[in-house]
Amino acid sequence: METDRNAASATKPAFNHALFAPVMNHKALDFFNAFAATLAPHPELDRFLSFARSYVGSGKALRGLGVSIGNFIAGGEDIGHSETAMNLGAALELYQSSALVHDDFIDNAPTRRGIPSVHVQAAREIDEGVAGPVAILVGDLLLSLNHLATEHSLKDLDAKTAHRISSYMAQITAEVAWGQYLDVLTERHPLSDPQALRRYVYDVIALKSGHYSVMRPLVLGALLQNPDPQFIETLEKVGRAWGVAFQMRDDEIGVFGDETVTGKPTGSDIREGKRTILITMALARTTGADRDFLEDALGDPSLSDEKLARLVEIIDSSGARLEHEQAIANLAAEGRKYMRELKLDEKREATLAQFGKILLSRDF
């Protein structure tokens, strides 16, 4: 009977992401609305705020969740019970909104979470000529709210801890900008040497998304507890492995996913010419007409749905998808190996392990 109880305890989820995400999103939206109420009235204000608000409070809140998990496994309160960790997570989610507005403009993505991107909204409601500037300014507004929300979340902490956290948050936002810059240049990287391209892409996605999506949120939360430097170093290894795998999963969903589930156009990365690890694997595995077709289709904004379907089939039949899945599995295992080196108690290890599964076993 005791064994049965232990088995049940081991399989019981440590937290409920489906319940956590709405709470985190609500926090971010509440902070946004509180700030909006401080602005002086102006005939154009409601529209400007509506552009920004459309990106707030509707995501998966995985980065905010990562902050709470990092705090918990480093010795803090249970998931959702630390007001400081929740507020800090909301600040990071506001930054996520900022990054998405800018990212969608850079990529010329038409939709986000099933609604028109900010630059598309601005083009329709105002004028195409101001779409880009509006997207930049809306993203900047949300970045500013990240700064304000970070300061708000740290108001009850001692000065040393507050400085440590605010500095780390600034490091996150700076690192993403650097990674985004490299990502822009990646689209001009030649396709002739897939192996060299893969090494380059790996470094880019680690900087642009992998660190920021997984490693940095976990460490940000852990720093609230000021753990031993060795703990942070090992946690970074967990987050780095899972963070790259997280982005690889995202890239795969972008090719094979269901648009009604993802809220983003399937195949948009191909039409934009994104160099992903999946694409480098397909390039290395194709020859002749298939290789030529792949190279010609990559970065073609007018690529038809029929040609896109053929390209997806080429990627799949080449074995690239299977190889990609194995690479994700290897990174997941690498993260679990480092997770065990943290020597967490059973509940905290189960929590971190569950986070890894949510990150990598998803279709959205």
Side-chain angles (χ1 to χ4, degrees), residues 24-25 27-59 61-64 67 87-113 115-154 165-185 204 207-209 211-213 216-217 220 264 272:
M24 177 56 64
N25 286 328
K27 269 191 169 293
L29 189 57
D30 278 353
F31 191 89
F32 179 94
N33 289 334
F35 166 79
T38 68
L39 298 176
H42 186 280
E44 193 60 38
L45 179 61
D46 284 347
R47 179 157 60 185
F48 180 58
L49 292 174
S50 73
F51 290 149
R53 191 181 285 111
S54 68
Y55 272 54
V56 177
S58 60
L62 290 173
R63 292 158 187 84
V67 173
N87 287 336
L88 192 59
L92 193 55
E93 288 298 322
L94 285 166
Y95 174 65
Q96 164 72 349
S97 298
S98 165
L100 291 179
V101 171
H102 286 161
D103 196 48
D104 286 345
F105 169 58
I106 291 169
D107 293 342
N108 197 28
T111 60
R112 170 68 63 176
R113 298 170 183 165
I115 63 172
S117 303
V118 166
H119 64 277
V120 174
Q121 295 179 48
R124 292 176 180 176
E125 295 189 29
I126 307 174
D127 181 81
E128 285 190 8
V130 302
V134 167
I136 292 170
L137 295 169
V138 167
D140 286 350
L141 170 70
L142 293 167
L143 175 59
S144 298
L145 291 186
N146 162 260
H147 299 326
L148 289 172
T150 299
E151 292 303 310
H152 170 75
S153 69
L154 304 177
I165 299 298
S166 61
S167 295
Y168 196 81
M169 182 70 85
Q171 182 181 351
I172 293 173
T173 61
E175 183 179 60
V176 173
W178 167 230
Q180 182 70 70
Y181 170 79
L182 292 177
D183 190 47
V184 169
L185 299 184
V204 171
L207 280 170
K208 183 199 170 190
S209 180
H211 288 185
Y212 151 65
S213 298
R216 299 299 185 193
L220 186 68
K264 297 181 289 186
E272 292 158 16

For H102 and I136, which heavy atoms make the closest approach, and how far apart are they? NE2-O, 3.0 Å
Identify the residue among Q171, R63, M169 that makes a side chain to side chain contact (heavy atoms under 4.5 Å, CB included) with L220. M169
Rounded to the nearest 0.5 Å, what separates atom CG in L142 from atom OG in S98? 5.5 Å
Between the main-chain N or O of V204 and the side-chain N or O of D183, is there a donor-acceptor pair closer than 3.5 Å? no
Here the gap from L29 atom CG to L94 atom CG, rounded to the nearest 0.5 Å, amounts to 9.0 Å
Point-to-point distance, once rounded to the nearest 0.5 Å, from OG of S58 to CD1 of I115: 6.0 Å
Would you tell me whether Y168 and R216 have side-chain atoms, one donor and one acceptor, within less than 3.5 Å of each other? yes
Is there a side-chain contact between L49 and L39 in this structure, where contact means two heavy atoms from C-beta onward sitting under 4.5 Å apart? yes
Taking the six-membered ring of F32, is the NZ or CZ of R53 close enough (under 6.0 Å from the centre) and on axis enough (within 45°)? no
With rounding to the nearest 0.5 Å, note down the distance linking OG in S153 to CG in L148. 11.0 Å
If you count the non-hydrogen atoms of other residues, nucleotides and ligands that lie under 6.0 Å from OH in Y181, is the total more than 12? no
With heavy-atom distances below 4.5 Å as the criterion, would you say the side chains of F105 and V118 are in contact? no
Salt-bridged, K208 to D103, with N to O below 4.0 Å? yes
Are the side chain of D107 and the backbone of A109 linked by a donor-acceptor contact shorter than 3.5 Å? no
Could you go step by step and tell me if S97 and L100 meet the side-chain contact (heavy atoms from CB on, under 4.5 Å) rule? CA-CA 5 Å; S97 298; L100 291 179; 5.8 Å; no
Pairwise distance CG(N87) to CG(L92) - rounded to 0.5 angstrom: 13.0 Å
Do E272 and N108 have side chains that approach each other closer than 4.5 Å (heavy atoms only, starting at C-beta)? no
Would you say V176 and H211 make side-chain contact, with heavy atoms under 4.5 Å? no
With a 3.5 Å distance limit and no angle check, can you tell me whether R113 reaches the backbone of Y55 through a side-chain donor-acceptor pair? yes
Are side-chain N/O atoms of Y212 and Q96 paired as donor and acceptor at under 3.5 Å? yes
So, does E93 use its side chain to make a donor-acceptor pair with the main chain of G64 at under 3.5 Å? yes
Rounded distance (nearest 0.5 Å) linking atom CG of N146 with atom CG of L88: 9.0 Å
For N25 and G59 the tightest heavy-atom approach is ND2-O, 2.8 Å
Between S166 and L154, does the side-chain contact (heavy atoms from CB on, under 4.5 Å) criterion hold? Intermediate values first, please. CA-CA 8 Å; S166 61; L154 304 177; 4.0 Å; yes
Minimal non-hydrogen separation, H119 against D104, with atom names: CE1-O, 3.2 Å
Once the angle between the rings of F31 and H152 is folded into 0 to 90°, is it parallel (under 30°), tilted (30 to 60°) or perpendicular (over 60°)? tilted
Go through L141 and F35 one step at a time and tell me if the side-chain contact (heavy atoms from CB on, under 4.5 Å) criterion holds. CA-CA 11 Å; L141 170 70; F35 166 79; 3.7 Å; yes
Would a 4.5 Å heavy-atom cut-off, applied to side chains only, mark F51 and E125 as touching? yes
Between S54 and Q121, is any side-chain donor less than 3.5 angstrom from a side-chain acceptor? yes
Can you see which heavy atom on A131 is nearest to which on A122, and at what distance? CA-CB, 4.0 Å
Considering residues, nucleotides and ligands other than E128, do more than 12 of their heavy atoms fall under 6.0 Å from its CD? no
